[in-house]
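As structure tokens, the structure follows; a few thoughts come after it.
We name chains A, B, ... by the order of the sequence lines, and we start the count at 1 in each one. Just so it is clear, the structure is predicted and the values come from calculations on it, not from any experiment.
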Protein chains: 2
Amino acid sequence: MPNLYKYGKTNRIGINYSPIVQFWTYEYICTMYERKIPLSLNCGLDLIGEVLYGKWKIRLLWFIHEGYKRPSELQRKIPDASRRVLNIQLKELEEHELITKTIYPVVPPKVEYSLTEFGETLIPVLSALGQWGDEHQERLRYLILKRLEQVPIDKDVIL
Amino acid sequence: MPNLYKYGKTNRIGINYSPIVQFWTYEYICTMYERKIPLSLNCGLDLIGEVLYGKWKIRLLWFIHEGYKRPSELQRKIPDASRRVLNIQLKELEEHELITKTIYPVVPPKVEYSLTEFGETLIPVLSALGQWGDEHQERLRYLILKRLEQVPIDKDVIL
DNA sequence: CCGTATCCGACGCGATACTG
DNA sequence: CAGTATCGCGTCGGATACGG
């Protein structure tokens with residue numbers, strides 16, 4: 001969970017670009033729930049981060065958007081994710097109302113996911129992200145791989 | 001080779017959405033390095049996810065963009081992040097060539113960060129993200145908080 | 001003012017096995 | 001085909017303390 005935070009007032013990311021931001025920090029609410037580290041939901045970037053957080057979520061959204069709706073299809077598309085995690089993240093997406101799940105009462109079981117309208121609104125945003133990545137892919141790949149070579153040993157790992 | 005990445009990172013962002021995607025997947029290369037779970041750098045979303053990954057990076061980028069350049073300023077802006085993590089993430093941003101660091105040889109020490117041109121290109125994208133979050137903030141807050149109430153106890157945590 | 005080191009808790013997620 | 005349970009590893013990041 002990314003959202004462990006307890007920061008508050010000054011640190012809304014969106015400061016300039018988003019006058020909409022409000023000040024009655026959710027910190028307050030969250031501490032009431034005794035979460036050790038409260039969420040910060042003060043600005044748009046925090047919020048979207050909350051919803052997209054998860055290793056496979058964006059992938060899932062995109063594939064569903066592309067028409068791969070059944071769990072087995074998704075699994076085939078994302079073979080590196082375990083069934084367990086896929087289910088967990090799909091459920092989260094569902095709870096965030098970005099997708100809906102339809103269970104057909106047939107044998108063998110059949111399940112289909114699809115984007116909600118709300119989910120659809122996210123697609124252009126994801127596109128924008130991906131576009132930036134695509135535009136700079138050469139450079140990014142180079143930089144990322146270079147970094148990995150430099151730091152082959154994790155600093156936190158005791159040898 | 002130490003086994004970092006044995007269990008991939010939790011990317012906030014990552015997906016194969018793009019037709020540009022190439023198939024000589026980096027997965028391949030990565031497995032050659034004996035990483036158990038390869039990085040996926042196949043598409044723009046994967047790449048951008050790699051670069052933005054980190055709890056405070058987006059915030060850092062934004063604040064630097066806004067003109068808060070010195071470590072102490074940034075720290076004040078993000079009081080919940082420890083100095084350690086801030087430095088780590090700043091260094092990563094630097095290695096990814098999104099920001100530059102200038103050290104002035106004076107006493108007391110003075111350091112300044114600023115966005116590179118490359119880093120600047122990321123700003124509109126972040127704006128887009130934040131904008132979506134802002135537009136739907138009511139709903140998002142509601143949904144996120146609702147979910148948290150439902151699952152107050154993490155399933156994986158042993159009590 | 002600036003940076004880094006060590007310790008450690010939280011939790012995401014992979015592996016595997018089992019049910020309907 | 002779809003879903004869940006249990007287990008344990010690994011990584012991020014917080015707390016604190018020290019050195020320049």
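- For the pair Leu60(A) CG and dG12(C) C1', the interatomic distance rounds to 15 Å; values are reported in whole Å.
- Taking atom CD of Glu112(A) as the reference point, atom C1' of dC1(D) lies 13 Å away to the nearest angstrom.
- Nucleic acid contact for Gln89(B): sugar-phosphate only, since backbone atoms but no base atoms lie under 4.0 Å from a heavy atom of the residue.
- Note: CG (Leu86(B)) to P (dC1(C)) measures 15 Å, nearest angstrom.
- For the pair Asn87(A) CG and dT4(D) P, the computed distance is 6 Å after rounding to whole Å.
- Listed nucleotides: dC1(D), dG3(D), dG12(C). Nearest to the side chain of Tyr53(A): dG12(C).
- Note on ring orientation: taking the six-membered ring where Trp is involved, the planes of Trp132(A) and Phe118(B) are parallel (angle under 30°, cut-offs 30° and 60°).
- Nucleotide dG10(D) holds its C1' atom 11 Å from the NZ atom of Lys55(A), rounded to whole Å.
- The residues Glu97(B) and Arg139(A) are annotated as salt-bridged, a charged nitrogen and a carboxylate oxygen being separated by less than 4.0 angstrom.
- Between Pro71(B) and Ala81(A), the residue anchored closer to the 5' end of DNA chain C is Pro71(B), taking for each the nucleotide with the nearest heavy atom.
- Looking at Gln89(B), its side chain never comes within 3.5 Å of a backbone N or O of Val85(B) through a donor-acceptor pair.
- Nearest nucleotide to the side chain of Lys91(A), out of dC2(C), dC1(D), dT4(D): dT4(D).
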Anything under 3.5 Å between a protein N or O and an N or O of nucleotides 16-20 of chain C, put it in a table, one pair a line.
none

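- Between Leu45(B) and Arg59(A) there is no side-chain heavy-atom pair separated by less than 4.5 Å.
- Within 4.0 Å (heavy atoms only), Gln75(A) reaches no atom of the nucleic acid at all.
- By the rule that hydrophobic residues join a cluster once side-chain heavy atoms approach within less than 4.5 Å of another member, Leu98(B) and Ile103(B) end up as members of one cluster.
- Here dG14(D) presents its C1' atom at 11 Å from CD1 of Ile88(B), a figure rounded to the nearest Å.
- The side chain of Trp56(B) lies closest to dG14(D) when the candidates are dC1(D), dG3(D), dG14(D).
- The side chain of Lys101(B) contributes an N or O atom lying less than 4.0 Å from OP1 or OP2 of dG3(C).
- The heavy-atom pair separating Ile64(B) from Leu115(B) by the smallest distance is CG2-N, 3.8 Å.
- Look at Glu95(B) and Arg147(A) and you find a salt bridge, because one of the NZ, NE, NH1 or NH2 atoms lies within 4.0 Å of a carboxylate O, short of that distance.
- Nucleotide dT4(C) holds its C1' atom 14 Å from the CG atom of Leu90(B), rounded to whole Å.
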